[in-house]
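Counting begins at 1 with the first residue of the sequence.
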Amino acid sequence: WRIHPNEITLSMTLPFIPNLEKDIELRKAKRTSGVVKVIANAASVHAVSTNLIRTTDWDFMAVYHDAIDHFSHLAMRFHPPRRPEINEKEFEDYKNVVESGYRFHDMMLERTLELIDEDTTVILVSDHGFHSDHQRPKYIPKEPSGPAVEHSPYGIFVMAGPGIKKGGQRVSGASILDITPTLLAHMDLEVG
């Protein structure tokens, strides 16, 4: 079920980097290669998870999609609006990567939701977000945890399904530590 980066075609990459069509040198760029690898990995995870949904009996499934994190580390600095310290050509080349990454995830989520029934509870959660505005850092520290300066502490938590209140109730103050107790309580299992 693994999709190799070499299987990602130019037309699959154009929504992320439209200038690839006319810029041969851009196709060789390290950042472009990174985007292609992230697309391939996300497609592989999606292929495996949707296959398991269709072909196995399951009562709980968790799928870890990390592509938005990788797309954001690769290209959030080029996300519009362009900041003065960002090279104009690189901005034009990579400004669509993050938004296209979200659209790609929306399409994968749509397919996943088509495969499940209305008795299935779905939870989307992230442990952090990304600064996409004036808080984007101008420089990334050259240390192992350096890229974390791009993170926003605010992630997402969305839950829908049987027994879940409808109407867009807000959840405030939750953290990643609340996910397991929430799952256990929802499944009528004892919270440790």
Side-chain angles (χ1 to χ4, degrees), residues 1-4 16 34-35 37-76 79 97-133 135-137 140-141 143-192:
W1 296 103
R2 180 175 184 262
I3 297 166
H4 193 275
F16 296 85
V35 170
K37 287 177 186 176
V38 175
I39 295 168
N41 186 64
S44 298
V45 170
H46 181 67
V48 170
S49 65
T50 54
N51 180 61
L52 289 171
I53 289 171
R54 290 186 350 266
T55 62
T56 62
D57 291 329
W58 55 274
D59 59 0
F60 177 85
M61 177 179 275
V63 182
Y64 177 57
H65 284 281
D66 63 354
I68 289 175
D69 184 76
H70 292 295
F71 286 133
S72 295
H73 281 300
L74 281 166
M76 184 60 81
H79 186 68
V97 171
V98 173
E99 184 174 334
S100 293
Y102 276 92
R103 290 183 190 281
F104 184 38
H105 272 63
D106 285 347
M107 290 185 283
M108 291 187 291
L109 176 59
E110 178 183 32
R111 177 62 183 143
T112 300
L113 294 175
E114 289 171 355
L115 296 173
I116 61 174
D117 60 33
E118 67 271 357
D119 292 329
T120 304
T121 299
V122 176
I123 301 173
L124 300 176
V125 63
S126 69
D127 62 331
H128 63 79
F130 269 81
H131 294 296
S132 60
D133 54 13
Q135 293 180 313
R136 288 180 283 181
I140 308 298
E143 58 185 65
S145 65
V149 301
E150 295 180 294
H151 295 172
S152 162
Y154 304 107
I156 62 162
F157 175 83
V158 179
M159 188 171 182
I164 307 300
K165 287 184 180 181
K166 295 187 181 356
Q169 303 293 319
R170 284 201 169 272
V171 176
S172 296
S175 81
I176 200 76
L177 299 177
D178 295 302
I179 301 306
T180 300
T182 301
L183 289 171
L184 293 171
H186 184 68
M187 294 187 291
D188 295 323
L189 297 171
E190 197 171 314
V191 177

Inset, instruction - Return the minimal non-hydrogen interatomic distance between V149 and P141, and the atom names on each side. - result: CG2-CD, 3.8 Å
Inset, instruction - Would you indicate whether the side-chain heavy atoms of E150 and I140 approach each other to under 4.5 Å? - result: yes
Legend entry - Derivation of the ring pair (Phe, Tyr, Trp, His ring centres under 6.0 Å) call for H73 and H151: CA-CA 9 Å; H73 281 300; H151 295 172; 5.0 Å; yes
Inset, instruction - Would you mind reporting whether V38 and L74 have side-chain heavy atoms less than 4.5 Å apart? - result: yes
Legend entry - Beyond-backbone contact of E190 with L184, side-chain heavy atoms, under 4.5 angstrom: no
Inset, instruction - Starting at CG of D133, measure out to OG of S152 and round the result to the nearest 0.5 Å. - result: 8.5 Å
Legend entry - Between CG on residue L113 and CD on residue E118, distance to nearest 0.5 Å: 12.5 Å
Inset, instruction - May I ask you to test the Y64-V45 pair for a side-chain heavy-atom distance under 4.5 Å? - result: no
Legend entry - Heavy-atom check, side chain of I123 versus side chain of F157, under 4.5 Å: yes
Inset, instruction - May I have the step-by-step check of side chain to side chain contact (heavy atoms under 4.5 Å, CB included) for H186 and M159, ending in yes or no? - result: CA-CA 11 Å; H186 184 68; M159 188 171 182; 3.9 Å; yes
Legend entry - Sidechain-backbone polar pair: T50 side chain, T112 backbone, donor-acceptor under 3.5 Å: no
Inset, instruction - Enter the distance from M61:CE to L52:CG here, rounded to the nearest 0.5 Å. - result: 4.5 Å
Inset, instruction - To the nearest 0.5 angstrom, please state how far the NE2 atom of H46 sits from the CG atom of L109. - result: 9.5 Å
Legend entry - Test item: W58 side-chain N/O and I53 main-chain N/O as donor-acceptor pair under 3.5 Å: yes
Legend entry - Minimum heavy-atom distance between P144 and P147, given as atom pair plus value: O-CD, 3.7 Å
Inset, instruction - Give a yes or no on whether the backbone of H79 and the side-chain of R136 come within a donor-acceptor separation of less than 3.5 Å. - result: yes
Legend entry - Straight-line distance of D106 CG to S100 OG, nearest 0.5 Å: 11.0 Å
Inset, instruction - Compare every heavy atom of V191 with every heavy atom of A185, then report the nearest pair and how far apart it is. - result: N-CG2, 4.2 Å
Inset, instruction - Check the pair N41 / S44 against side chain to side chain donor-acceptor pair (under 3.5 Å), numbers first and verdict last. - result: CA-CA 5 Å; N41 186 64; S44 298; 5.4 Å; no
Inset, instruction - Could you label the plane-to-plane angle of the H105 and F71 rings as parallel, tilted or perpendicular, counting under 30° as parallel and over 60° as perpendicular? - result: perpendicular
Legend entry - Closest non-hydrogen atom pair, A40 against I3: CB-O, 3.4 Å
Inset, instruction - Quick one: closest heavy-atom pair of A42 and A67, and the distance? - result: CB-CB, 3.7 Å
Legend entry - ring pair (Phe, Tyr, Trp, His ring centres under 6.0 Å) assessment of H128 paired with Y154: CA-CA 5 Å; H128 63 79; Y154 304 107; over 10 Å; no
Legend entry - Between CZ on residue F60 and CE on residue M187, distance to nearest 0.5 Å: 5.5 Å
Inset, instruction - For the pair S72 (side chain) and D69 (backbone), establish whether a donor and an acceptor sit closer than 3.5 Å, ignoring hydrogens and angles. - result: no
Inset, instruction - Taking all non-hydrogen atoms of both residues into account, name the closest pair between D178 and G173 and its distance. - result: OD2-O, 4.3 Å
Legend entry - CG/D59: more than 12 non-hydrogen atoms of other groups inside 6.0 Å: no
